[in-house]
2 protein chains.
Amino acid sequence: MSPDEARRRPPTAQQFVLGELRRAITTGRLRPGTPIRQDALAEELQVSRVPLREALKTLEGEGLVTYKPHKGYCVVMLSLDDLREVYRIRELLEEEAVRAAVARLTDDDLGRIEAAQEEVERAAAAGDVAAMATANRAFHMTLFDCAGRPRLARLIRTLWDTTDAYRSMYYGDAGNRERVIEEHRAALDALRRRSADDAVTTLNVHRDHAVAELEPLLDA
Amino acid sequence: MSPDEARRRPPTAQQFVLGELRRAITTGRLRPGTPIRQDALAEELQVSRVPLREALKTLEGEGLVTYKPHKGYCVVMLSLDDLREVYRIRELLEEEAVRAAVARLTDDDLGRIEAAQEEVERAAAAGDVAAMATANRAFHMTLFDCAGRPRLARLIRTLWDTTDAYRSMYYGDAGNRERVIEEHRAALDALRRRSADDAVTTLNVHRDHAVAELEPLLDA
DNA sequence: ATTTTCAATATTGGATCCAAAATATGGAGA
DNA sequence: TCTCCATATTTTGGATCCAATATTGAAAAT
């Protein structure tokens, strides 16, 4: 392992494993529905089963894996209904977050959101799908964090985590990337005008587009 | 351990510990803010630290304890803001659940909710606070489960878990117990009429009463 | 007296080993 | 051939041990 990797590597094995598992699920290396063989996975990640199991417990709490006593963990298979349910819950919670955020949005906050958007556009221009997914998330979460409601923001984060595995596919399409940028700009415009209604509407459209694109992917 | 206890005891140590920890936090035996000494707790519960740590990971996911690498776990101290935030989120999600539930409520469903209510009243009459808390929870969750939205119901459950520690205090007061029963009856009436609006309104009032009673308790 | 450093101690993180449960295998009986 | 049951193997659950990190306390220097 290079010094650079060592610096990046989290301070505990369970956090390292957690990140690796997220990535594996996100990128589809661990496909939905597959049972998780702890022994094999632990060996592959060069850790013992203890930190692996703690990471799995965390993922269970986030709804990314299921667990049955004495049967083990299993990557969650998101059904179409699940997807719609998650997005509907997101709609409810994110509207709440956006309204609270707009009510107390400072110019400084706005600047950070704009910076995130610049990063999104830079990644899109470079065609870097992974970077774009990260930047997109930062864009939204920065806004949600402005609501000053840590528990609400935490909930929304876990909901995003749940569908991360599928969202990355969304950015594979150039048309989607272009549309995301346009919709973000519209949202930013609403935020600058401190119009909560417009921001909510814009972001709802944004979200609906995403779920509409994702739905076909789940049939396969 | 008696045979009866043995039958009740969960199939894995981590589930047993999970239940014990919840109770300990709920009853205030583990007070908010106290760091959790794994060694001592494990010994007290007669298990090793491994299942204890996995249970703690679950509780962390539910927001009942916090975790810092190399520092350990800590029972969360719910601030007044936290309480309000949790109840506001519950309001949003439970309205959604109730509307979905009413839309598909069968007579059979209604019967189960009524049965839960009978149990609530029975426990209240007996002055059994713990049983009343359990029955009350069953009353609401039975309704939420009727929504046919498993993820939504799961989320609501974890939100309830978060404030369980404080809710039990609520039932210590006889006036509160009486009011809960009245409000449940009003909600049942709305459900029988299949009036989603009335059910939502009634339950919002119900919830607001609870939070109003709980708020003073959090100053101390 | 205050601050800093360093060692001693306590506590968490992780690896290995063993036990318990579930699953797979294979043979006996109908 | 099919079913059922006993056994072997795999896999998960948990206990113990060791390592790494954090905390505490005391001594030394300013």
Side-chain angles (χ1 to χ4, degrees), chain A residues 1 3 5-22 24-25 30-77, chain B residues 1 3 5-22 24-25 30-77:
Chain A
M1 174 170 50
E5 280 173 334
R7 195 179 318 120
R8 270 197 169 73
R9 185 159 175 156
T12 64
Q14 41 180 303
Q15 292 191 352
F16 164 70
V17 170
L18 188 58
E20 289 297 307
L21 282 182
R22 270 202 233 280
I25 294 174
L30 276 179
R31 258 180 265 177
T34 48
I36 290 176
R37 278 307 146 244
Q38 298 179 9
D39 234 326
L41 239 181
E43 190 179 16
E44 188 182 322
L45 296 173
Q46 301 275 26
V47 296
S48 83
R49 281 174 47 216
V50 175
L52 169 62
R53 274 164 57 180
E54 298 200 7
L56 285 169
K57 267 277 168 285
T58 301
L59 292 177
E60 186 200 359
E62 296 176 1
L64 261 81
V65 302
T66 60
Y67 167 75
K68 292 219 165 202
H70 300 294
K71 278 217 41 177
Y73 296 87
C74 198
V75 182
V76 143
M77 174 95 75
Chain B
M1 176 172 47
E5 280 174 333
R7 195 180 316 119
R8 269 197 170 73
R9 186 161 173 154
T12 63
Q14 40 180 302
Q15 292 190 350
F16 164 71
V17 170
L18 188 58
E20 289 297 308
L21 282 182
R22 270 201 234 281
I25 294 175
L30 276 179
R31 257 180 267 177
T34 52
I36 291 175
R37 256 349 115 225
Q38 299 180 7
D39 235 325
L41 240 181
E43 190 178 16
E44 187 182 323
L45 297 173
Q46 301 275 28
V47 297
S48 81
R49 281 174 47 216
V50 174
L52 170 61
R53 275 164 57 180
E54 298 199 7
L56 285 170
K57 266 277 168 285
T58 301
L59 292 177
E60 185 200 0
E62 295 175 1
L64 262 82
V65 302
T66 58
Y67 168 74
K68 290 218 167 203
H70 299 293
K71 277 217 41 176
Y73 295 88
C74 198
V75 182
V76 290
M77 174 95 75

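Chain letters run A, B, ... following the sequence lines, proteins first and then strands; every chain starts at 1. Quick caveat, the model's predicted, so the values are computed rather than measured.
Looking at residues two or more places apart in sequence or on another chain, you find a side chain to side chain contact (heavy atoms under 4.5 Å, CB included) between B:Glu60 and B:Lys57, B:Val65, B:Tyr67, B:Tyr73. With sequence neighbours left out, A:Arg22 forms a salt bridge (charged side-chain N to carboxylate O under 4.0 Å, His left out) with A:Glu62, A:Asp161. When the side chain to side chain contact (heavy atoms under 4.5 Å, CB included) test is applied to B:Arg31, the partners found at least two apart in sequence or on another chain are B:Thr34. Not counting sequence neighbours, the partners of B:Glu44 by the side-chain hydrogen bond (donor to acceptor under 3.5 Å, both in side chains) test are B:Arg29.
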Where do A:Ile25 and A:Leu30 land on the side-chain contact (heavy atoms from CB on, under 4.5 Å) test, with the steps shown first?
CA-CA 5 Å; A:Ile25 294 174; A:Leu30 276 179; 4.2 Å; yes
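Pairs engaging residues 31-65 of chain A under the ring pair (Phe, Tyr, Trp, His ring centres under 6.0 Å) rule: none recorded [sequence neighbours left out]. For residues 10-20 of chain A, the set of pairs meeting the salt bridge (Lys or Arg N to Asp or Glu O under 4.0 Å) definition, not counting sequence neighbours, comprises A:Glu20-A:Arg23. Applying the ring pair (Phe, Tyr, Trp, His ring centres under 6.0 Å) test to residues at least two apart or on different chains, none of the pairs has a partner in residues 41-61 of chain B.
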Can I get a per-line list of side-chain donor-acceptor pairs under 3.5 Å for residues 47-56 of chain A, giving both atom names and the distance, sequence neighbours left out?
unit_1, atom_1, unit_2, atom_2, d
A:Ser48, OG, A:Val50, N, 3.3
A:Arg49, NE, A:Gln38, OE1, 3.1
A:Arg49, NH2, A:Gln38, OE1, 3.2
A:Arg53, NE, B:Glu54, OE2, 2.9
A:Arg53, NH2, B:Glu54, OE2, 2.9
A:Glu54, OE1, A:Gln14, NE2, 3.1
A:Glu54, OE2, B:Arg53, NE, 2.9
A:Glu54, OE2, B:Arg53, NH2, 2.9

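A:Lys68 NZ to B:Thr12 OG1: the interatomic distance, rounded to the nearest 0.5 Å, is 13.5 Å.
Helix bend of the helix from C:dA1-D:dT30 to C:dA30-D:dT1: the angle between its two end axes, each built from five pairs, comes to 10° after rounding to 10°.
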For every nucleotide of nucleotides 8-20 of chain C, 5' to 3': is a protein heavy atom under 4.0 Å from its base (B), only from its sugar-phosphate (S), or from neither (-)?
---SBBBBB----
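Of all the residues in residues 55-64 of chain A, not one reaches under 4.0 Å from DNA chain D with any non-hydrogen atom.
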